[in-house]
Each structure stands twice: as structure tokens, then as C-alpha cells.
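Here the structure is a predicted model, which means the values were calculated and not measured.
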Amino acid sequence: QVTLVESGGGSVQPGGSLTLSCAGSADRFRSYSVAWFRQALGKEREGVAAINGYATMIYTDSVKGRFTLSKDETKGTVYLQMGSLKPEDTAVYYCAATPLYRSGEEQLRQERYTIWGQGTQVTVSS
């Protein structure tokens, strides 16, 4: 069973940037479907961005053009580069993974993922 380790959260001013990392422990992690979810205080968890084993990516509308996914297969790590950050991006960000193939809109559905990281706080504030 793969474990996920997230890093890169922190505090930033509006308009700033942060990069989150999600490192998987299994050799076959490169073929997993991986997604980032976030949960703001008092709100439901929502899907932010996802990438599957074929490197097909999907983003929720609110982050399109500002967030970018990438994957380093040699390091078994998926990155979420977040730019032009807004106060409404403030949340705990979670990395999730599944060894199963996910495509389309289901890539952003949390019930499609069985492995979760511990979460990392992102705060956007002036």
C-alpha cells in the first residue's frame, strides 16, 4: 500500500505562488491516478486538479490558468504549482491517489480515491 507525503504549504500574499508536492512510496506510483483536493474552513472538500497514469490532467474551473500539475516519475512525485493565489484558495490541501485508472470528471471525485495524505495548509492573506 502506497503512502503519500505532502509538503509545500504555507502562507502567501494574494497574487503569490506556492508549489505543493505529493510523494508516493510505491515504485508503481507513476501509474497511479493522483488528485489534489482542498477543504476550506466550514466548506466541503472539493477537487482541484488531477492527473492519471496517462498524464491526462483536469482542473476545476476556479483554478484553470492559475494552477499547473506536473509529475516527476523518477522521484515518484506529483507537483501542484499554484500561481495568482487568491484569499479564496485558502484551505487544507490533500493529495489522494488510486492505482485504478480514472478519467474525465471522475478524476475530481473524492470517492474515487482510496489513499490520502495528511493534508497541508495553504493560507492566502494580506
Contact summary for S126 and P14, nearest pair of heavy atoms
N-CD, 3.7 Å
Checking E111 now: which residues fulfil salt bridge (charged side-chain N to carboxylate O under 4.0 Å, His left out) with it, not counting sequence neighbours?
R109
If I compare all heavy atoms of Y59 with all of A49, which pair ends up nearest, and what's the gap?
CD2-CB, 3.6 Å
Within residues 21-106 or reaching into it, pairs that qualify as disulfide bond (SG atoms under 2.5 Å apart) - sequence neighbours excluded
C22-C95
Shortest non-hydrogen contact from S21 toward T77:
CB-CG2, 4.1 Å
Residue pairs, two or more places apart or on separate chains, that pass side-chain hydrogen bond (donor to acceptor under 3.5 Å, both in side chains) and touch residues 38-55:
R38-E46, R38-S62, R38-D89, R38-Y93
Take V34 and L4 through the side-chain contact (heavy atoms from CB on, under 4.5 Å) test and state the conclusion after the steps.
CA-CA 10 Å; V34 179; L4 305 177; over 6 Å; no
Side-chain H-bond candidate by donor/acceptor type, S25 with T3, under 3.5 Å
yes
Nearest 0.5 Å, what's the CD-OG1 distance between Q13 and T123?
13.0 Å
Atom CZ of R112 and atom OG1 of T98: how far apart are they, to the nearest 0.5 Å?
10.0 Å
Using every non-hydrogen atom in the two residues, find where L108 and I58 come nearest and quote the distance to one decimal.
CG-CG2, 3.9 Å
With under 30° as parallel and over 60° as perpendicular, where do the rings of W116 and F37 fit, or are they tilted in between?
tilted
Donor-acceptor check, side chain of K75 to backbone of A23, threshold 3.5 angstrom: yes or no?
no
Nearest heavy-atom neighbours spanning V92 and Q121
CG2-OE1, 3.2 Å
Going only through I, L, V, M, F, W and Y residues with side-chain contacts under 4.5 Å, is there a path from V78 to V2?
yes
Using a cut-off of 6.0 Å, state whether more than 12 heavy atoms not belonging to E105 lie near its atom CD.
no
W36 pairs by side chain to side chain contact (heavy atoms under 4.5 Å, CB included) with which of V63, T60, I51, L69?
L69
Considering all heavy atoms, the nearest I115-P99 contact
CD1-CD, 4.5 Å
Distance in Å, F67 CZ paired with L20 CG, rounded so as to fall on 0.5 Å steps
8.0 Å
For the side chain of Q118 and the backbone of E6, is there at least one donor-acceptor N/O pair under 3.5 Å apart?
yes
At what distance, to the nearest 0.5 angstrom, does CD of Q107 lie from OG of S33?
6.0 Å
Roughly how far apart are K71 NZ and F29 CZ, rounded to 0.5 Å?
8.0 Å
